[in-house]
Amino acid sequence: MCGRTYKTYTNEELFYRYLNIKPIDLPELNPNYNMAPTQETMVLRVVDGEREFELMRWGLVPFWAKDVKSADRYSMINAKAEEITEKRSFKAAFEKRRCIIPMSGFFEWKKEGTARKRPFCIRLKDEPIMSLAGIWEHWKSKEGTQDVISYAIITTDANEAMKEIHSRIPVILNRNDEALWLDSENANSTELKKLLKPCPSDWMDFYSVSTMVNSPKNNRPEVLQPA
DNA sequence: CCAGACGTTGTT
DNA sequence: GTCTGG
DNA sequence: CCAGACGTTGTT
DNA sequence: GTCTGG
């Protein structure tokens, strides 16, 4: 699973990485050292053939949901890659609304016997930003008072390196597959599903951190320090 | 047909 | 134990 | 994901 | 909106 992430990149790094442009006059991005579900972050998608960033809420709220709270009860912060084409809540989004969630890394908790779970910080060895595969939805209340764009992170079986910590990991896309994944005109489900594989073990790097990260209230650089 | 669910992870 | 909030 | 709340009545 | 269960 993937239930906590972090981002320390700047706006300039983000836009240069995905749009190949140096942004001018953009508001400065706040780092989030401890991002929990329900919080918002910039997500990359393609609209009318153009890449764009949109601020989205973590936790998918399908457009047919009665309200945001009822959707939250179903814990749609992750979507299982293996079943994404069969699930009612994900199928349409997988076909038409794929996205990339740029993150610096994420946290996983390893169970160690009966002892307290130990948190780990996971990142890429050679890249400051990882492209997490996701799907998004646009939900509007009938009264038109609420308008929520939300996303879920796709998970799959852990690769060998990550199995040491946890059985599931988020899908981290290969840079060469990003355009294919984002293309909203692409209707080749078989081809798309092939992208939802665990990334190679040797891309990843991890180390244990203190339990300070357990509480989402601790949005501080110290949560990234090795324990 | 209509009503009601629509999810993940991990653990038993 | 289970649900909600972050 | 983990942390923290989990309730009612009546009064401010 | 769409699928599953009865």
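Numbers restart at 1 for each chain; the letters A, B, ... are given by sequence-line order, proteins then strands. Computed from a prediction, not measured in an experiment: that's the story for all the values here.
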K.L.:
Roughly how far apart are A/E86 CD and A/I84 CD1, rounded to 0.5 Å?
P.N.:
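Going from the CD atom of A/E86 to the CD1 atom of A/I84 covers 10.0 Å.
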K.L.:
Using the heavy-atom set of chain A and a strict 4.0 Å cut-off, write down the first and last nucleotide of DNA chain E that makes it in, 5' to 3'.
P.N.:
E/dG1 to E/dT4
K.L.:
What integer number of Å spans the C1' atoms of B/dA5 and C/dG5?
P.N.:
24 Å
K.L.:
Quick one: sort the A/F15 and A/F53 rings into parallel, tilted or perpendicular, breaks at 30° and 60°.
P.N.:
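Rings of A/F15 and A/F53: tilted, 30 to 60°.
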K.L.:
Does A/L182 offer a backbone N or O that forms a donor-acceptor pair with the side chain of A/R98 under 3.5 Å?
P.N.:
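Side chain of A/R98 to backbone of A/L182, a donor-acceptor pair under 3.5 Å: no, none is there.
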K.L.:
Do the ring centers of A/Y6 and A/F107 come within less than 6.0 Å of each other?
P.N.:
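Under 6.0 Å, so yes.
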K.L.:
Using atom P of each nucleotide, how far apart are C/dT4 and D/dT8 to the nearest Å?
P.N.:
15 Å
K.L.:
Would you call A/K140 and A/D147 a salt bridge, using N to O less than 4.0 angstrom?
P.N.:
no
K.L.:
Taking all heavy atoms of A/P170 and all of A/L132, pick out the closest pair and write down the distance.
P.N.:
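Scanning both residues completely, I find the closest heavy atoms to be CB-CD2, 3.9 Å.
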K.L.:
Could you pull out all residues at least two apart from A/R168 that satisfy salt bridge (Lys or Arg N to Asp or Glu O under 4.0 Å)?
P.N.:
A/E82, A/D157
K.L.:
Apply side-chain hydrogen bond (donor to acceptor under 3.5 Å, both in side chains) to the pair A/E178 and A/S131, showing each step before the final yes or no.
P.N.:
CA-CA 8 Å; A/E178 289 172 358; A/S131 291; 2.7 Å; yes
K.L.:
Which residue pairs pass the side chain to side chain donor-acceptor pair (under 3.5 Å) test when at least one of the two sits in residues 36-46 of chain A, sequence neighbours left out?
P.N.:
A/K7-A/T41, A/N32-A/Q39, A/R45-A/E52, A/R45-A/E54
K.L.:
When you check the gap from the basic side-chain N to the acidic O, do A/E137 and A/R97 get nearer than 4.0 Å?
P.N.:
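Result for this pair is yes, salt bridge flagged.
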K.L.:
Using a 4.0 Å heavy-atom cut-off, does A/F106 contact any base of the nucleic acid, only the sugar-phosphate backbone, or nothing at all?
P.N.:
nothing
K.L.:
Sort by first number and list every stem of DNA chain D: at least 3 consecutive Watson-Crick or G-U wobble pairs, both distances under 3.5 Å.
P.N.:
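The stems are C:1-6 with D:1-6.
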K.L.:
Using atom C1' in both nucleotides, what's the gap between B/dC6 and D/dG7 to the nearest angstrom?
P.N.:
31 Å
K.L.:
Where do A/W58 and A/I77 come nearest, in terms of heavy atoms and distance?
P.N.:
NE1-O, 3.1 Å
K.L.:
If hydrophobic clusters are built from ILVMFWY residues whose side chains come within less than 4.5 Å, do A/I149 and A/V61 share one?
P.N.:
no
K.L.:
What's the gap between C/dT2 and D/dG10 when it is taken at their P atoms, as a whole Å value?
P.N.:
32 Å
K.L.:
Considering every strand and a 4.0 Å limit on heavy-atom distances, what is the contact class for A/P119: base, sugar-phosphate, or nothing?
P.N.:
nothing
K.L.:
When you compare B/dT11 with D/dC2, how far apart are their P atoms, in angstrom units rounded to a whole number?
P.N.:
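Result for the P pair: 10 Å, nearest Å.
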K.L.:
Does the pair A/R57/A/D72 count as a salt bridge with the N-to-O cut at 4.0 Å?
P.N.:
yes
K.L.:
With heavy atoms under 4.0 Å as the rule, sort A/R116 into base, sugar-phosphate or nothing.
P.N.:
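Sugar-phosphate, backbone atoms only, no base.
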K.L.:
In residues 203-227 of chain A, what residues come within less than 4.0 Å of DNA chain B, judged by heavy atoms?
P.N.:
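Within this stretch, nothing sits under 4.0 Å of the strand.
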K.L.:
When you check every protein heavy atom under 4.0 Å of nucleotides 6-12 of chain B, what one-letter string (B, S, -) results, 5' to 3'?
P.N.:
BBBSSS-
